[in-house]
Every structure is written in C-alpha cells, then in structure tokens.
**Student:** 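Here's a structure for you.
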Amino acid sequence: MIKKLALSFVVSALALSTLAACGGGGSPAANESVKQTTSSGESTIKVGIIGARTGPSATLGQYLDGAIAAFNHANENGGVNGKKFEVIIRDDEANPTKSKELVKDLLHKEKVSLIIGPTNTSNALAILPEVFEAKVPLIDPVATGTKIGDEAKKLAKDGKNYFFRTTTPDYAQADAIANYVKKKGYKSPAILHDETAYGKGGLKELQIALEKIGVNPVKEIGFPVSSPDLTPQVLEAKEAGADAILVWALGHDQAQIAKAKHKLGANIPMIGSTSMQQTNFRELAGEAANGNMSIWPSDHVREKKQGDRPQRIKDAYEVYKKYFPKGYSIDNGGSLMFAYDAAMIAINAAAEAGNDPVAIRDAIERLEHKNTSSKDLVKYSPDNHEVWEGKDIGMIIIENNKLFEMTE
C-alpha cells in the first residue's frame, strides 16, 4: 500500500505579508517553498514555479495553483518511481528583471529539474536565455506571446527546444478572432491594445490574422497599461466608424474599455483576448461586462447553456479544490487547467526520466500525454511545442456577469 505523504508549508514572515497583499484566491504565499517531509536530493524531483503571485498580475499568478495541486496530489499518491516532487514557488511580481534573478536562483542554487511559468510574456522572454543555457525545460501555462515561441526556436542551437506551452498562443487567439470577424461580416474593426510586449504582440498577430481574411483595421490605438480611463480611445474608434472593437490587453484595461463603451452608448461589438476572462474584468466592468465576447478553447472549462463540461475538466478541478478549497470557481478557473496540464506533463516525463532535466525535456517532447484536462491527448513534436491552434478555439460571451461558451 502506498504511504501518503504529509506536506509541510515552509513560509517566511515576508511571504505571509505578501500573501495578505495578494488577497483571496486561496494561493500559497509568494516565494513559498512547498517542501515534503523527505530530504532533498536523489529522493526528490525539484520543480520551480514562477509567476506574478502578487501585484497587478496576481490573478494570473493564482492560476499556477492548478500545477501546485497536481504535484501535491501526485505526492499523496506516492510520487513517481519512489521520488516525491519538491515544489519551490517564486513571486516575480510581473517584473522581468526580478523574474530573471529568481530563475537564476532556481536553476543554480535550488538546481530544479523543470520550471513552470511565468505568467507574463515580458518575463518569459527575460528568462528564456537562462533556462536554455542551463538546459532545463520550461512549461508555460499562462504567458501567450507568440514571440516567446519564436525566441525559443532561435535559442535551440543544439536542436533541442526547452520551451513548451499549454496555454493558447497569441497567433492562435488572433486567428480565432479573425475567423469570427469573417463569420459575422465585420469590415471595419478597430484594434485597441496596451503598450506592453503583450499588447504590441497581440496587435501584430491581429494585423496578420486580419490580413489573411482581407480586412484592414480602421484604427489601431495603443494606451498605457493600467489606464484609469479609456474613454478617449473608445471615442476615437467610434468616430472612425469601427463596426467592431478588438482588444488586446489585460483584464483591468479591457474593463475600462467596456465601461467607456457603455458610457458613450457605443453599440459596437467588443471582442477581447483571453484576458477578458480574468475575474477582475467582470468585477471592474460590472454591468458593462455583459454582451462582450472573448475566445477560449472549445469543449473546455467554460459553462455551456446546453450540455456539460468534459469529465476530464471536472476531475482535474476536483484535485484543485482539494488543496485550494477557497480558490477559483470552475467557471473562473480556465487557466488553472493549463497549469494543471503543465504539472501532469511534467509528472509523466519525470516518471520516465527521473530528475535529469535534459531527459525530462526529451520525454515531454516524445510522450503522448493522456491524463491532461484540456484534451484527451496532448502530443508535442520536435517542430511544434504548442498545444492549441486557431481551429481549436471558439467564442465566449459574458451574460449576467458569467462566462458561457457560444454555440453559434
């Protein structure tokens, strides 16, 4: 019989204070190390988890709890081949410079065999050279920038790409938005985007995707991240004759656009990147959130007006709730499943490769991963380390401040 392992949480006073600042969500504290009662070394497989656990992107960082839950569950069921997972969590506060320093610590001091994260595109770009130099695989369940995958291919000088992704890359999201624009017959969309690497990357992908369907935006409007009021930008789009507003920004700024649209009485469809589904979008936008649309993988976590979610999603969510009972609801936990999948892929690879980072990388790329939540089967290849393409992604609409998968 497998002896279950009790997990002890080692939290510093600083970590406790940052957890309080984060608020809610059931997340462990920043820079917390989830350590098992076994000693470190050959008896454990060290995994680093890094992301914005506090600060303006903390809602993204809390999605990483899906991975933490999966590792806890694996440990309670005996680990893999007699080895337990030692999970070391680091909070980069969405700061690329801090992310780079923390990753150096994970790689060279903690000597992790794999890293999951980070949550922001700029941070992922900052740490890629470090993980490639150390030859340690990185699985990202949150950062969507197309440029991350492009840069990873450039860094794969020995033919080995150490970057994998379980979330939806920007190019796939943009293709899905363009497909919907074509389907609805919109001819004059405006693009509103923040001026971060995330927003500018999304703008580029939308330009490419719209060009494929022969549509030219009437306006492309950038704005500073965390803007307090985006009424002038929405008014500019309206006066340009936009028949749809396509938005690439985080939840806070998408909410400001929705409120501005409501304030101006602009009855223009708004289609946002997946960040529209952050809980802070609906919290900040209130009634103005309703009727706006986003994109998300079809047959995934979002509620359906007819039919039920797949059993694989419900099973994974039960694992998450076991360890984070006060965390996200299943309706709000889409990226939790991407994080859960990242951990399950890591667990599968470690079961074959132990704690050798290069062997883990090879196993991630070679194996068929059948116990993930997002798909019945996840399979990477040497040429493709992505899970999702535009054809896999459908539309989400917000009604009564809830997310629903659209069937039209």
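Excluded from the calculations below are hydrogen atoms, water molecules and symmetry mates; all remaining heavy atoms, backbone and side chain alike, are included. Residue indices begin at 1 and follow the sequence shown.
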**Student:** Are any of the side-chain nitrogens in Glu76 or Lys322 under 4.0 Å away from the carboxylate oxygens of its partner?
**Tutor:**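 A salt bridge is present here (some side-chain N lies under 4.0 Å from a carboxylate O).
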**Student:** Could you check if a side-chain atom of Ile139 sits within less than 4.5 angstrom of a side-chain atom of Arg165, using non-hydrogen atoms only?
**Tutor:**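 No, every pair of side-chain atoms sits at 4.5 Å or beyond.
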**Student:** Determine the interplanar angle of the Tyr320 and Phe324 rings, folded into 0 to 90°, and report it as parallel if under 30°, tilted if 30 to 60°, perpendicular if over 60°.
**Tutor:**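 If you compare the ring of Tyr320 with that of Phe324, the planes turn out parallel.
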**Student:** Check whether any side-chain heavy atom of Ser335 sits under 4.5 Å from a side-chain heavy atom of Leu60, and report yes or no.
**Tutor:**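 Counting from C-beta outward, Ser335 and Leu60 never come under 4.5 Å.
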**Student:** Would you name the heavy atoms of Val301 and Gly334 that are closest together and state the gap between them?
**Tutor:**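 Looks like CG1-CA, 3.3 Å.
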**Student:** Does the side chain of Asn400 come under 3.5 Å of the side chain of Asn290 through a donor N or O and an acceptor N or O?
**Tutor:**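 The answer is no; no qualifying pair exists.
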**Student:** Using a strict cut-off of less than 4.0 Å between a Lys/Arg side-chain nitrogen and an Asp/Glu carboxylate oxygen, indicate whether Lys212 and Asp175 qualify as a salt bridge.
**Tutor:**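 Salt bridge between Lys212 and Asp175, a charged N being under 4.0 Å from a carboxylate O: yes.
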**Student:** Any salt bridge between Lys98 and Glu93, counting N to O under 4.0 Å?
**Tutor:**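 Judged by the 4.0 Å cut-off on N to carboxylate O distance, Lys98 and Glu93 do form a salt bridge.
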**Student:** Taking all non-hydrogen atoms of both residues into account, name the closest pair between Ala70 and Met344 and its distance.
**Tutor:**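 The answer is CB-SD, 4.1 Å.
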**Student:** Determine, for Glu318 against Lys314, whether the closest basic-nitrogen to carboxylate-oxygen distance falls under 4.0 angstrom.
**Tutor:**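 No.
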**Student:** Distance-only check: which donor-acceptor pairs under 3.5 Å involve side-chain atoms of residues 145-153, not counting sequence neighbours?
**Tutor:**
from	atom 1	to	atom 2	distance (Å)
Thr146	OG1	Tyr171	N	3.1
Thr146	OG1	Glu205	OE2	3.2
Glu151	OE2	Lys154	NZ	3.3

**Student:** Should Met395 and Trp296 be marked as a side-chain contact (heavy atoms from CB on, under 4.5 Å) after you check the CA-CA gap, both sets of side-chain angles, and the distance that decides it?
**Tutor:** CA-CA 6 Å; Met395 297 299 298; Trp296 196 260; over 6 Å; no
**Student:** Evaluate side-chain hydrogen bond (donor to acceptor under 3.5 Å, both in side chains) for Asn123 paired with Asn95, printing each intermediate quantity in order.
**Tutor:** CA-CA 7 Å; Asn123 294 53; Asn95 182 321; over 6 Å; no
**Student:** Show, in sequence, the C-alpha distance, side-chain angles and deciding distance for Arg282 and Asn332, and conclude whether the side-chain hydrogen bond (donor to acceptor under 3.5 Å, both in side chains) test is met.
**Tutor:** CA-CA 11 Å; Arg282 281 164 287 150; Asn332 296 328; 2.8 Å; yes
**Student:** State, with a plain yes or no, whether a side-chain heavy atom of His73 is found less than 4.5 Å away from one of Tyr323.
**Tutor:**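 Touching, per the 4.5 Å side-chain cut-off.
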**Student:** Exactly one of Thr196, Leu206, Leu203, Asp253 should register a side-chain contact (heavy atoms from CB on, under 4.5 Å) with Trp248. Which one does?
**Tutor:**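 Result: among Thr196, Leu206, Leu203, Asp253, Leu206 is the only option passing the side-chain contact (heavy atoms from CB on, under 4.5 Å) with Trp248.
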**Student:** Could you check whether Gln256 and Gln233, counting side-chain N and O atoms only, form a donor-acceptor pair closer than 3.5 Å?
**Tutor:**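 No - no donor-acceptor pair under 3.5 Å links their side chains.
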**Student:** Set out, in order, the CA-CA distance, both residues' side-chain angles and the distance that settles side-chain contact (heavy atoms from CB on, under 4.5 Å) for His193 and Val247, then state yes or no.
**Tutor:** CA-CA 6 Å; His193 64 94; Val247 184; over 6 Å; no
**Student:** Looking at side-chain heavy atoms only, is the closest gap between Phe163 and Leu128 below 4.5 Å?
**Tutor:**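 Counting from C-beta outward, Phe163 and Leu128 do come under 4.5 Å.
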**Student:** Minimum heavy-atom separation for Val142 to Thr119, with atom names?
**Tutor:**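 Val142 and Thr119 have their closest heavy atoms at CG1-O, 3.5 Å.
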**Student:** Is there a donor in the side chain of His262 and an acceptor in the side chain of Glu287, or the other way round, less than 3.5 Å apart?
**Tutor:**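 Not at all, the side chains of His262 and Glu287 share no donor-acceptor pair under 3.5 Å.
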**Student:** Can a side-chain donor-acceptor contact be found between Gln277 and Arg302 if the only test is distance below 3.5 angstrom?
**Tutor:**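 Note: Arg302 and Gln277 side chains meet the donor-acceptor criterion.
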**Student:** Taking Arg53 as the fixed residue, which of Asp91, Asp65, Asp92 is the one that meets the salt bridge (charged side-chain N to carboxylate O under 4.0 Å, His left out) rule?
**Tutor:**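 One option only clears the test, and that one is Asp65.
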**Student:** Whether the Asp315 and Gln311 side chains hold a donor-acceptor pair (N or O, under 3.5 Å, no angle test) is what I'd like checked.
**Tutor:**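 Short answer, yes.
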**Student:** After noting the C-alpha distance and the side-chain angles of Tyr317 and Tyr340, does the key distance pass the ring pair (Phe, Tyr, Trp, His ring centres under 6.0 Å) rule?
**Tutor:** CA-CA 9 Å; Tyr317 183 73; Tyr340 175 91; over 10 Å; no
**Student:** Walk me through it: do Tyr198 and Ser273 pass the test side-chain hydrogen bond (donor to acceptor under 3.5 Å, both in side chains)?
**Tutor:** CA-CA 11 Å; Tyr198 172 69; Ser273 61; 2.9 Å; yes
**Student:** Within the 4.5 Å heavy-atom criterion, are Ile49 and Ile115 side-chain neighbours or not?
**Tutor:**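 Of all side-chain heavy-atom pairs linking Ile115 with Ile49, none is under 4.5 Å.
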**Student:** Where do Phe404 and Glu399 come nearest, in terms of heavy atoms and distance?
**Tutor:**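 Looking at all heavy atoms of both residues, the closest pair is CE1-O, 3.6 Å.
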**Student:** Around Glu133, counting heavy atoms of other residues, nucleotides and ligands shown, do more than 12 lie under 6.0 Å from its CD?
**Tutor:**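 No, because the 6.0 Å sphere around CD of Glu133 holds 12 heavy atoms or fewer from other groups.
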**Student:** Counting only heavy atoms from other residues, nucleotides and ligands, does the tally under 6.0 Å from NZ of Lys135 exceed 12?
**Tutor:**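 No, because the 6.0 Å sphere around NZ of Lys135 holds 12 heavy atoms or fewer from other groups.
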**Student:** Begin from the C-alpha positions of Tyr162 and Val136 and carry the test side-chain contact (heavy atoms from CB on, under 4.5 Å) through to its verdict.
**Tutor:** CA-CA 7 Å; Tyr162 285 83; Val136 171; 5.7 Å; no
**Student:** Quick one: are Asn75 and Val87 in side-chain contact, heavy atoms under 4.5 Å?
**Tutor:**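 A side-chain contact is absent here, since even the closest heavy-atom pair is not under 4.5 Å.
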**Student:** Would His252 and Asn280 count as having a side-chain donor-acceptor pair, cut-off 3.5 Å?
**Tutor:**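 No.
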**Student:** Do the side chains of Asp376 and Arg312 get close enough for a salt bridge, i.e. N-O under 4.0 angstrom?
**Tutor:**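 Salt bridge flag = yes for Arg312 with Asp376.
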**Student:** Using a strict cut-off of less than 4.0 Å between a Lys/Arg side-chain nitrogen and an Asp/Glu carboxylate oxygen, indicate whether Glu303 and Lys402 qualify as a salt bridge.
**Tutor:**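 Judged by the 4.0 Å cut-off on N to carboxylate O distance, Glu303 and Lys402 do form a salt bridge.
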**Student:** Take Asp140 and Thr166 through the side-chain contact (heavy atoms from CB on, under 4.5 Å) test and state the conclusion after the steps.
**Tutor:** CA-CA 6 Å; Asp140 203 320; Thr166 55; over 6 Å; no
**Student:** Salt bridge check, Lys104 against Glu110: does any charged N sit closer than 4.0 Å to a carboxylate O?
**Tutor:**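 No, this pair does not count.
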**Student:** Is the centre of the Tyr380 ring less than 6.0 Å from the centre of the Phe164 ring?
**Tutor:**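 That pair passes the under 6.0 Å test.
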**Student:** Are Lys259 and Asp229 within salt-bridge range, i.e. N to O under 4.0 Å?
**Tutor:**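 Salt bridge: no.
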**Student:** If you compare all heavy atoms of Pro96 against all heavy atoms of Ala94, which two are closest, and at what distance to 0.1 Å?
**Tutor:**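 What the structure gives for the nearest pair is CD-O, 3.4 Å.
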**Student:** Look at atom CD of Gln207 and say whether more than 12 heavy atoms of other residues, nucleotides or ligands are closer to it than 6.0 Å.
**Tutor:**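 Yes.
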**Student:** May I ask you to decide whether Asp105 forms a salt bridge with Arg90, counting only side-chain N to carboxylate O separations under 4.0 Å?
**Tutor:**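 Result for this pair is yes, salt bridge flagged.
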**Student:** Is there a side-chain contact between Gln278 and Leu250 in this structure, where contact means two heavy atoms from C-beta onward sitting under 4.5 Å apart?
**Tutor:**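 Gln278 reaches Leu250 side chain to side chain.
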**Student:** For the NZ atom on Lys321, are there more than 12 heavy atoms of other groups (residues, nucleotides or ligands in this structure) within a distance under 6.0 Å?
**Tutor:**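 Yes, enclosed.
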**Student:** Using 4.0 Å as the upper bound for N to carboxylate O, is an ion pair formed by Asp341 and Lys375?
**Tutor:**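 No salt bridge links Lys375 with Asp341.
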